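Right, one structure below, let's go through it.
Values reported hereafter were calculated over all heavy atoms of this structure, with side chains retained and with hydrogens, waters and symmetry mates removed. Everything numeric in this text was worked out from a predicted model, so none of it was measured. Chain letters run A, B, ... following the sequence lines, proteins first and then strands; every chain starts at 1.
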Protein chains: 2
Amino acid sequence: MNIVRYTSIANQVNEILRSRIRDGQYLPGMRLPSESDLSKKFGVSRATVRTVLARLNAEGIILRKQGDGTYINEHIQDVNTHLGGLWEFSRLIESSGYSASIRLLKVETRPAEPREAEHLQIQPEERVIWMQRLFYADDQPVILATNAIPERFIDPERATISAEYPIQKFLQEYCHKQVAYVILDMGATRVSEQAAEYLYLSAGQSLLNLNTNFYDRDNQPILCGQSYLNDTILRLRLVQTWG
Amino acid sequence: MNIVRYTSIANQVNEILRSRIRDGQYLPGMRLPSESDLSKKFGVSRATVRTVLARLNAEGIILRKQGDGTYINEHIQDVNTHLGGLWEFSRLIESSGYSASIRLLKVETRPAEPREAEHLQIQPEERVIWMQRLFYADDQPVILATNAIPERFIDPERATISAEYPIQKFLQEYCHKQVAYVILDMGATRVSEQAAEYLYLSAGQSLLNLNTNFYDRDNQPILCGQSYLNDTILRLRLVQTWG
DNA sequence: CAGTGGTCTAGACCACCGT
DNA sequence: CGGTGGTCTAGACCACTGG
């Protein structure tokens, strides 16, 4: 491993506050200590505390009232994702109260389909590695996900595919690529025959459709995927703060 | 008007940078001036510049590379919404390249339905004002939206309902309430008979279903709504940056 | 190596809220 | 009024990237 685990002060404060919320040390509706209190207790500057609180605020975990204080949002338990993590399906399933598992259905390398070639900005004849996975929530199949990655990105020394890897870890380990941003496209669709079979659904039922395109820091597409969620079991619930 | 328009330095810098991007002064893929450059040119501190760039980064408009520079994202044109604006339907329609208009279908006050009473945390017999609106994209109906608000929140002096108001402006003007956060619940659903009629759809087609709950700064629910989008016309497309 | 963004500090003043 | 969060500054050092 050549990765150095440097964790910033802000990240440490972040983790401490999050764990206090998880552990119930800070309960929904409670007022947090003031920024100056926290900065004194942690021995860091107020600016550092503020960057952490800004992040928690953006995720809707805390609410801040000028002239009053900072409060734990009473409605976080209603939420299973924030906007920064819509494509992390395992986390999504687990924060909905299920235990998550993944089954690898298919892996193959083949020439890119037109849709894939377009999204990945590659030649139509270029080969991609294509995989199809099924995500379970407590042994109920809930998400059918397919991903295509240009074959030349894959490190040839990593022969076997591990289905369990979250997609961003997969891209790091197998492609040495860092995801910089993702473009998501959401819609509704009627279940296809194949999806119906895997997800134990009857024909004609509706599914949430998520199309994802991952890019690295150089604006280069590295992955394109299509996913279908059974929203009768798994709803996407998220907070958006006003400012 | 008792609203004082105080605009922070950061907001002004924000607006300037955004307008430069809109005007094509900064083009997709271009490198921006460095943080120190910008802070010198604007006569503000580097920290201020950084808070602005952090916001643009969170919306996926710019990409930042340590040791290199800040670049305009080449793929912003693919996107029609950012994380903070999923429920602003008029903006959504317009940034998808259509012109938006709204038709008010129905307004009534009646006792809350059980679902509404639960979400609004009111007694079942309490009256709500209920309205149903249809959003058009270039004269095509694309979104059917219904909203319920406890009647006691409505300022009795404001008698007539203006359909054109964006929902947050409506809550400010008619209820003197400030939205602090929104909880969104997304799913897919087959079109109902009523919705099919309004949206010119055939039975059985799939729709994107957005349930929204608005809360004020005191965690009090002020509005609950259900919306159905025709995603064959209007896709939700958004960027999520990694960090 | 020089220059970029990333992190952090100490301190100042302001707007706002509850009392 | 005192205390809270909101804004802003000037300056420091670090991690990383490109040439």
Side-chain angles (χ1 to χ4, degrees), chain A residues 2-17 30-58 61-73 176-178 180-181 216-220 241-243, chain B residues 2-17 30-58 61-73 176 178 180-181 216-219 241-243:
Chain A
N2 51 10
I3 294 177
V4 182
R5 251 290 167 225
Y6 162 76
T7 303
S8 65
I9 294 178
N11 277 335
Q12 295 176 50
V13 173
N14 193 326
E15 280 313 314
I16 292 172
L17 292 181
M30 255 178 80
R31 186 163 84 181
L32 291 186
S34 73
E35 297 179 347
S36 346
D37 272 6
L38 289 172
S39 79
K40 267 180 230 150
K41 280 177 198 153
F42 287 126
V44 302
S45 77
R46 196 184 145 212
T48 302
V49 171
R50 277 184 64 74
T51 66
V52 174
L53 296 180
R55 253 168 78 180
L56 295 173
N57 187 58
I61 295 173
I62 59 173
L63 299 175
R64 326 196 63 194
K65 292 196 259 189
Q66 189 175 14
D68 185 352
T70 301
Y71 294 83
I72 305 287
N73 189 336
H176 313 296
K177 297 270 184 194
Q178 277 279 5
Y181 63 101
D216 69 7
R217 284 182 293 249
D218 300 316
N219 266 296
Q220 188 180 33
T241 41
W242 187 245
Chain B
N2 52 9
I3 294 178
V4 182
R5 250 287 166 227
Y6 162 75
T7 303
S8 64
I9 294 179
N11 278 335
Q12 296 176 49
V13 173
N14 194 326
E15 280 313 315
I16 292 173
L17 292 181
M30 254 176 82
R31 187 163 84 184
L32 290 186
S34 74
E35 296 180 347
S36 347
D37 271 7
L38 290 172
S39 80
K40 268 180 230 149
K41 281 177 199 154
F42 286 127
V44 303
S45 78
R46 196 184 145 211
T48 303
V49 171
R50 277 186 64 75
T51 66
V52 174
L53 295 180
R55 252 168 77 180
L56 295 173
N57 187 58
I61 296 174
I62 60 173
L63 299 174
R64 327 196 62 194
K65 291 197 262 190
Q66 189 175 13
D68 184 354
T70 301
Y71 294 83
I72 305 286
N73 189 337
H176 313 296
Q178 276 281 4
Y181 62 100
D216 70 6
R217 284 182 293 247
D218 301 315
N219 267 296
T241 41
W242 186 246

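- Here A/Thr51 lies out of heavy-atom contact (under 4.0 Å) with every strand.
- OP1 or OP2 of D/dT7 has not a single side-chain nitrogen or oxygen of B/Thr48 nearer than 4.0 Å.
- Of the residues near DNA chain C, A/Gly43 and A/Gly67, the one whose nearest nucleotide (by heavy atom distance) lies more toward the 5' end is A/Gly43.
- The nearest whole Å value for the distance from the CD atom in B/Glu35 to the P atom in D/dG11 is 17 Å.
- In terms of position along DNA chain D, the nucleotide closest to A/Gly69 lies nearer the 5' end than the nucleotide closest to the other residue of the pair A/Gly69 and B/Ile9.
- A salt bridge links A/Asp68 with A/Arg31: the closest approach of a Lys/Arg side-chain nitrogen to an acidic carboxylate oxygen falls below 4.0 angstrom.
- Computed from coordinates, the A/Leu56 CG to D/dG5 P distance equals 13 Å when rounded to whole Å.
- In this structure, the side chains of A/Thr48 and A/Phe42 stay at 4.5 Å or more apart for every pair of heavy atoms.
- Nucleotide C/dG5 holds its C1' atom 13 Å from the CG atom of B/Leu63, rounded to whole Å.
- Between the CG atom of B/Leu38 and the P atom of D/dT9 there is a distance of 13 Å, rounded to whole Å.
- Distance from the side chain of A/Ser34 is smallest to D/dT4 among C/dT4, D/dT4, C/dT9.
- Atom NZ of A/Lys65 is separated from atom C1' of C/dC16 by 13 Å (rounded to the nearest Å).
- When rounded to the nearest whole Å, the span between CD1 of A/Ile62 and C1' of D/dG6 equals 14 Å.
- Of the candidates C/dG6, D/dG5, D/dT9, the closest approach to any side-chain atom of A/Arg50 belongs to D/dG5.
- B/Asp218 has its CG atom 8 Å from the P atom of C/dG18, to the nearest Å.
- Results of the side-chain contact (heavy atoms from CB on, under 4.5 Å) test with A/Ile62 over A/Thr241, A/Leu53, A/Val52 single out A/Leu53 as the only residue that passes.
- Spacing between atom NZ of B/Lys40 and atom C1' of C/dG3 amounts to 11 Å, rounded to whole angstrom units.
- With 3.5 Å as the limit, one finds a donor-acceptor pair spanning the side chains of B/Asn11 and B/Arg55.
- The side chain of A/Thr70 places an N or O atom within less than 4.0 Å of a non-bridging phosphate oxygen (OP1 or OP2) of D/dG5.
- Remark: side-chain polar atoms of A/Gln12 are paired, donor with acceptor, to backbone N or O of A/Thr7 under 3.5 angstrom.
- Nucleotides of DNA chain C nearest to A/Ser8 and B/Leu32 differ in position, and the one nearer the 5' end is that of B/Leu32.
- Comparing C/dA15, D/dC8, C/dC8 against the side chain of A/Gln66 picks out C/dA15 as the nearest.
- Distances from the side chain of B/Arg46 to the nucleotides D/dG5, D/dT17, C/dT7 place C/dT7 closest.
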